[in-house]
Amino acid sequence: MGLGDFIDMEAHGITYKNTYYVLPHLASNLRLHFHELVHVAQWGHLGAIPFIERYITEIKTLGYGEAPLEKMAYGFDSHFMNGGEKIDVPNYVAQKI
């Protein structure tokens, strides 16, 4: 599929539509939950097939660390952990995607 090491990467969490999964030992990690909830908002706005197509294309062309959907989720989880101002995440996602 051209996804290289992404397939074998040890993920702390993964999102599918409106559900996400985290490793049991990370269940209390609020930053991880927030990150995955951003992906839930992305899935919700784009829809399943468009999200998957975009996500895979971004990973293949830019790599995981530079993929815009991931960068958005990491930016939000950092904002959350640093006590940033409240943001309407679903609305922001809808405006920026």
Under 4.5 Å between side-chain heavy atoms, counting indirect links through other Ile/Leu/Val/Met/Phe/Trp/Tyr residues: same cluster for Val40 and Ile56 or not? no
Should Val89 and Leu37 be marked as a side-chain contact (heavy atoms from CB on, under 4.5 Å) after you check the CA-CA gap, both sets of side-chain angles, and the distance that decides it? CA-CA 9 Å; Val89 174; Leu37 285 168; over 6 Å; no
Correct closest heavy-atom pair for Leu32 and Asn29 would be N-OD1, 2.9 Å
If you look at every heavy atom in Ala41 and Pro90, which pair is closest and at what distance? CB-CA, 4.2 Å
Taking the ring centre of each residue, are Phe76 and His35 less than 6.0 Å apart? no
With the 4.5 Å side-chain cut-off for hydrophobic clustering, are Tyr21 and Trp43 part of the same group? no
Quick one: do Leu69 and Val38 satisfy side-chain contact (heavy atoms from CB on, under 4.5 Å)? Show the steps, please. CA-CA 9 Å; Leu69 292 173; Val38 172; over 6 Å; no
So, taking the atom named OG1 in Thr57 and the one named CD1 in Ile52, what distance separates them when rounded to the nearest 0.5 Å? 11.5 Å
Residues Ala48 and Lys17: closest non-hydrogen pair is CB-CE, 3.9 Å
Are Ile87 and Phe34 linked, directly or through other ILVMFWY residues, by side chains that come within less than 4.5 angstrom of each other? yes
For Ala67 versus Ile59, what's the shortest heavy-atom pair and its separation? CB-CD1, 3.8 Å
Pairwise distance CE(Met81) to CG(Leu30) - rounded to 0.5 angstrom: 6.5 Å
Between His33, His39, His12, which is the residue that forms a ring pair (Phe, Tyr, Trp, His ring centres under 6.0 Å) with Tyr20? His33
Quick check on the hydrophobic clustering: are Leu23 and Tyr16 connected, directly or via other members, by side-chain heavy-atom contacts under 4.5 Å? no
Nearest heavy-atom pair of Pro68 and Arg54: which atoms, and what distance? CB-NH2, 4.3 Å
Using a distance-only test with no angle check, is there a side-chain donor-acceptor pair under 3.5 angstrom linking Glu70 and Tyr55? yes
Taking every heavy atom of Val93 against every heavy atom of Met72, the minimum-distance pair comes out as CG2-SD, 3.7 Å
